[in-house]
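Before any comments, here is the structure.
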Amino acid sequence: MAKVGLAFSGGGIRSASFCSGVLRRLLQKKANVDFLSCVSGGGYTGTAYLDWKYQNGKKDSPEWHREFFEHLRSRSGAFCNWQRPCQGILDSAILFTMTVFVALIIPFLLWSSYACPLAFVIDFLFGKILRGGGKPCSKVVQKDPSMTIKECRAERLTSPIIYKQFALFAAPIAVAVLSSVIKGLFTKGKGLFTFLSTSGFVFFGLVFIPWFIDEFLHLIPMWMKFLIILPTFFLWFSFPLMRKNATLVLVIYVYSFVINWKVFNGRVFSLEYNDELFSTLMGVSTVLLWIAPIIGTIQQRIGHVYNRWRIQRAFYTPSSVGTWGCGGISWRDLFLRCPTCSPHMQRINLSRALTLEDLDDVKPIYIGGITVNKWRRTTSSKELDYELLTMSPNGIERLDRPLHESEFVGKLMPMDVFLSDAMATSAAAVDHHMGAYEGDDASFKDLKVMLGISMGTAVVADERHEGKRNCLIQFLPLVIEVLRILPLMLCLILYWQTGRRRYLVIGILTFFGLLILLTLTALIPTGSKNPGRLERIARWFTINVAYVSFVRKTIGVTNLGPNPPPVLRLSDGGHIENLGILPLLKLRLKKIVVVNGGRTICDEAYGATLLAALDMARKKLGCSFSGMDGRDIAEDIQDKFVNQPPGSQPSSYRFKVHYYDKDPSGYGKTKVGEADILFIAPRHPDKTVQKKGNETWGEVLRDIDIDLEAGRWGPGPELSGEEVDRLTFCCCEGCHGVKCRGLSEWMCGAFPQHSTANQFFTPAMFTAYHREGYRACMEANATEFLAESQGPREDAAKAYATL
């Protein structure tokens with residue numbers, strides 16, 4: 001209860017800048033902080049500070065503090081440094097090239113590789129039914145010149161085979177609808193019925209659309225086809241139930257043209273079908289299918305690696321990350337796991353980069369807030385499938401972990417996690433799974449999976465156990481990847497040598513048969529406390545076979561049970577709670593300072609983020625909140641913090657938290673303590689509480705033997721409206737000015753609420769938010785607030801470990 005904590009919220013570089021000003025003030029006043037909870041952008045500043053402190057003997061001193069904050073200011077353009085034009089051009093080129101490679105080139109290679117094999121299977125199994133005869137009409141006319149294509153089509157319309165066509169189209173629809181109904185009625189087997197439902201609709205599209213193209217669109221000009229097909233695709237985005245699979249529909253449309261090209265020997269974009277060309281494309285597809293797991297894994301993980309590299313290179317000490325900023329990052333980070341080395345071996349090879357364990361005796365204790373997705377501890381559908389995962393030098397755990405359970409002890413330990421990796425994961429604002437934002441974002445989740453648009457990461461939950469397996473098991477995944485495609489490759493070669501079609505049939509059917517087996521493996525439930533043999537097999541395949549992991553991610557298979565999922569899907573901690581206050585409330589600290597650098601759309605919504613976090617604390621931790629005078633917290637926030645006129649808007653708000661435990665009898669709760677919380681947020685200079693005169697840095701720091709350079713940090717902490725209103729656009733100092741203020745505010749926002757998507761800060765923007773954080777901390781009397789804590793002070797690390 002005597003401990004105090006500091007929370008740095010999410011909000012990208014904007015929050016990092018604001019939090020840095022608060023941190024500077026607390027350090028100068030020698031405030032005693034036991035825990036530092038960071039989320040997303042707040043972790044830029046929080047982890048960089050701890051990295052610098054570790055490299056400076058684990059002690060604070062004004063000398064390296066001055067260098068540290070100047071380093072943050074000068075490197076605020078972490079992703080694109082336009083203070084140096086040549087560097088800015090290079091950074092922009094790297095970012096653009098990587099985006100094109102990840103989101104366009106790789107998806108095209110991956111998804112196009114399945115088109116020809118799939119077209120061959122559809123033609124072999126259902127081609128005769130779709131055509132209404134044995135051969136395409138184009139080949140029938142070649143053999144019998146007396147018959148026209150029109151006559152051939154008319155004759156087939158009257159054929160009895162038309163009833164088989166109806167059955168072919170109706171059967172998958174019936175399976176899909178029936179599976180959807182069963183899925184809604186029963187909890188168990190939900191993943192299987194979801195798969196059957198989706199597969200039914202996909203199969204219908206793959207057989208019906210090619211037939212529809214041939215029957216109704218073959219005489220229509222290409223431009224008219226686009227006028228018919230494109231509106232049909234956009235129609236999917238108009239209905240929520242259909243919108244969820246809109247990207248899948250796009251893939252089906254593309255595949256349908258290839259299937260039509262093969263089944264009906266037609267023409268696609270003026271490209272006439274011939275067997276030799278199709279055979280060549282099959283060879284290209286086979287090669288792409290062989291290398292698909294490698295390039296697919298790189299595609300899904302490179303965004304996280306790039307994000308981590310840019311941030312740590314910008315803000316951490318060179319002694320931690322090296323000259324090029326790559327400390328702790330290697331080629332192994334582009335793959336889910338390396339069969340030849342464990343995380344401990346990686347630490348030995350990359351010993352300069354700090355792990356969480358290295359900070360076990362550095363104060364304050366770092367706590368990183370991360371969202372773990374697709375994991376319910378129970379089988380109840382009412383429980384959310386995401387939760388806050390905290391990473392600190394003293395352990396890794398879910399927020400809702402019962403005291404008697406230790407999910408990651410002996411599996412995933414602080415020594416296995418690099419500090420920069422925890423920071424970058426907590427800042428993964430864009431991911432396939434978005435926690436609390438999943439509902440708003442679900443429409444495009446499959447699109448993001450397909451395009452590899454992700455900054456989140458995947459971590460093997462029990463890498464230590466996987467690393468102890470014998471040599472044969474370690475290299476078995478490589479054997480599986482070879483065997484997955486080897487039959488198709490060998491049969492294709494035999495087909496080229498002999499010209500016998502049956503070899504191609506055997507190879508392709510074997511390939512898709514193996515894919516179906518792997519897909520069914522991905523659907524096996526995991527999470528049981530005592531997993532059986534089948535579940536253990538499924539967990540191993542999820543960890544070691546890229547295709548199985550990809551299927552689980554795409555379909556969104558949820559791990560049900562207390563046992564962690566085989567692969568943890570991690571994303572931004574702000575996808576649950578953006579303030580970072582929940583871990584500190586769980587520790588039941590005596591004093592908590594919450595620094596909110598997150599974006600608020602308008603002044604009226606200033607308290608919304610805080611109220612949302614407090615509501616979660618009520619539900620998850622059993623806390624209760626009130627104003628300092630006992631007033632209802634919602635009314636108190638609105639009255640004292642939100643609904644204040646311009647010129648009188650405070651930058652801070654103070655309130656109480658009441659801690660409760662469940663009563664031993666099992667009924668009700670017993671109050672076990674209370675604490676004070678100080679909430680700090682930025683304000684526009686024209687709206688904040690006005691002062692008669694602005695203090696200079698010399699006046700502010702007269703009791704501290706430190707001074708700041710006015711040329712870099714302004715004349716003092718107080719800003720003027722003119723200073724902040726000129727901070728338009730984002731790339732370089734030359735972009736700032738008041739001429740394009742309206743356009744800039746629409747595109748990038750305005751101080752103190754520049755868009756979180758704007759990560760291209762200039763030193764001038766960093767300085768403004770830094771000064772505002774310093775001023776807000778002064779106005780809130782944060783150092784005096786923290787000093788109010790009374791009572792004996794135990795060792796914080798021991799207290800955390802006990803809790």
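For the 3.5 Å distance criterion, the side chains of Tyr44 and Ser17 fail to qualify, holding no donor opposite an acceptor. In this structure, a donor-acceptor pair under 3.5 Å is present between the side chains of His658 and Ser626. No side-chain N or O of Asp431 forms a donor-acceptor pair with one of His304 less than 3.5 Å apart. Under the 3.5 Å distance criterion, with hydrogens and angles disregarded, a donor-acceptor pair is assigned to the side chains of Thr526 and Asn559. Side chains of Thr317 and Asp51: a donor-acceptor N/O pair is present below 3.5 angstrom, by distance only. Counted by atom type alone, Arg599 and Thr609 present zero donor-acceptor pairs between their side chains at under 3.5 Å.
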>> Apply side chain to side chain contact (heavy atoms under 4.5 Å, CB included) to residues Leu585 and Ile677 and explain how you reach the verdict.
In response: CA-CA 10 Å; Leu585 290 174; Ile677 299 177; 3.9 Å; yes

>> Set out, in order, the CA-CA distance, both residues' side-chain angles and the distance that settles side chain to side chain donor-acceptor pair (under 3.5 Å) for Ser549 and Arg569, then state yes or no.
In response: CA-CA 11 Å; Ser549 180; Arg569 307 291 180 189; 2.9 Å; yes

>> Run Leu412 and Leu568 through side chain to side chain contact (heavy atoms under 4.5 Å, CB included) and show every step you take.
In response: CA-CA 11 Å; Leu412 185 64; Leu568 300 172; 4.0 Å; yes

>> The test is side chain to side chain contact (heavy atoms under 4.5 Å, CB included); show your working for Met423 and Tyr316 and say whether it passes.
In response: CA-CA 11 Å; Met423 173 273 300; Tyr316 287 23; 3.7 Å; yes

> Yes or no on side chain to side chain contact (heavy atoms under 4.5 Å, CB included) for Ser571 and Asn373, after CA distance, side-chain angles and deciding distance?
Replying inline: CA-CA 8 Å; Ser571 64; Asn373 298 281; 3.1 Å; yes

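The shortest heavy-atom contact between Asp361 and Asp358 is OD1-O, 3.9 Å. Considering all non-hydrogen atoms of both residues, Leu579 and Leu610 come closest at CD1-CA, 3.8 Å. Closest approach of Asp572 to Ser426, counting heavy atoms only: OD1-O, 2.8 Å. For the residue pair Gly574 and Val39, the shortest heavy atom distance occurs at N-CG1, 3.4 Å. Between Ala31 and Leu786, the closest heavy-atom pair is CB-CD1, 4.1 Å. For Gln474 against Lys468, the heavy-atom pair with the smallest separation is NE2-N, 4.3 Å.
A distance of 10.0 Å separates CZ of Arg308 from SG of Cys326, quoted to the nearest 0.5 Å. Annotation: the span from Tyr366 atom OH to Leu50 atom CG amounts to 8.5 Å, rounded to 0.5 Å. The line from OH of Tyr653 to CG of Asn596 is 14.5 Å long, rounded to the nearest 0.5 Å. Put simply, CZ on Arg376 and CG on Asp400 are 13.0 Å apart, with the number rounded to the nearest 0.5 Å. Here CE of Met455 is found 10.0 Å from OG1 of Thr425. Values are rounded to the nearest 0.5 Å. The CD atom of Glu674 lies 9.0 Å from the OH atom of Tyr660; values are rounded to the nearest 0.5 Å.
Seen from the ring of Phe35, Lys3 does not count as a face-on cation partner, given the 6.0 Å and 45° thresholds.
Looking at Arg654 and Glu788, a side-chain N of the basic residue comes within less than 4.0 Å of a carboxylate O on the acidic one, giving a salt bridge. Using a 4.0 Å cut-off between a side-chain N of Lys or Arg and a carboxylate O of Asp or Glu, Glu383 and Arg377 do not qualify as a salt bridge. Salt bridge annotation for Asp676-Lys656: present, with a cationic side-chain nitrogen under 4.0 angstrom from a carboxylate oxygen. Between Arg539 and Asp462 there is no salt bridge, since no side-chain N of the basic residue sits under 4.0 Å from a carboxylate O of the acidic one. A salt bridge links Lys53 and Asp60; the closest N-O separation between the charged side-chain nitrogens and carboxylate oxygens is under 4.0 Å.
Counting non-hydrogen atoms of other residues, nucleotides and ligands closer than 6.0 Å to NZ of Lys59 gives a total of 12 or fewer.
Without hydrogens or angle criteria, Gln312 side chain to Phe315 main chain gives no donor-acceptor distance under 3.5 Å.
Annotation: side chain of Val567 is in contact with side chain of Ile543 (closest heavy-atom distance under 4.5 Å). Between Ile365 and Pro393, some side-chain heavy-atom pair lies under the 4.5 Å cut-off.
Considering Lys590, Lys591, Lys363 as possible partners of Asp34, the one that fulfils the salt bridge (Lys or Arg N to Asp or Glu O under 4.0 Å) test is Lys363.
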